[in-house]
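Predicted, not measured: the structure shown is a model, and the values here were computed from it. Reckoned from all heavy atoms, side chains included, excluding hydrogens, waters and symmetry mates.
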Amino acid sequence: NRAKFGGMSVHATSKQALRLQAPVVGEQLERLVIEIEKGQQVAGHFPSDLALSRARRVLAGEMTTAQAFAEIDARYR
């Protein structure tokens, strides 16, 4: 069972964000980061500022998802 946020599951919202082709900027970027944060909170998770910053950088096209996963791996190894 996935937590619901704004009529979409948290999982669906995250997958939708990752499928974006062009870098996201401005209000759309902030809205997506807020959706990710609130969706995670609804699911009982509380992402750190670092995790939200990483999500923002991926959405903005400043890093790839592979780079984000490498950053996570390096931090928690």
Side-chain angles (χ1 to χ4, degrees):
N1 235 355
R2 300 282 185 191
K4 295 286 184 178
F5 179 75
M8 296 182 74
S9 73
V10 172
H11 185 70
T13 301
S14 298
K15 287 181 81 173
Q16 177 187 11
L18 289 176
R19 282 196 304 263
L20 297 170
Q21 297 298 315
V24 182
V25 297
E27 187 176 313
Q28 184 183 21
L29 175 61
E30 292 310 311
R31 184 182 54 78
L32 283 172
V33 172
I34 290 168
E35 285 182 18
I36 291 167
E37 179 180 25
K38 296 302 178 190
Q40 289 295 307
Q41 290 171 351
V42 167
H45 307 289
F46 298 91
S48 67
D49 290 340
L50 184 61
L52 292 172
S53 171
R54 187 172 26 256
R56 180 177 280 107
R57 289 180 283 145
V58 169
L59 291 169
E62 296 171 7
M63 70 186 323
T64 66
T65 54
Q67 290 169 321
F69 283 119
E71 188 177 286
I72 293 166
D73 286 344
R75 179 168 175 82
Y76 295 102
R77 282 196 173 188

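Here the CD1 atom belonging to I34 is positioned 10.5 Å from the CD atom belonging to Q41, to the nearest 0.5 angstrom. Between T65 atom OG1 and R54 atom CZ the span is 12.5 Å, to the nearest 0.5 Å. Residue R31 holds its CZ atom at 10.0 Å from CD1 of I36, rounded to the nearest 0.5 Å.
Considering only heavy atoms from C-beta on, F46 stays 4.5 Å or farther from Q40 through its side chain. Side chains of E71 and M63 form a contact here, defined as non-hydrogen atoms less than 4.5 Å apart.
Sparse packing is recorded around CG of D49, with 12 or fewer heavy atoms of other residues, nucleotides or ligands lying under 6.0 Å away.
The hydrophobic clustering, which links ILVMFWY residues whose side-chain heavy atoms are closer than 4.5 Å, places Y76 and F69 together.
Across V33, L32, V24, a single residue satisfies side chain to side chain contact (heavy atoms under 4.5 Å, CB included) together with R56, and that is V33.
Taking every heavy atom of both residues into account, A60 and P23 meet most closely at O-CB, 3.1 Å.
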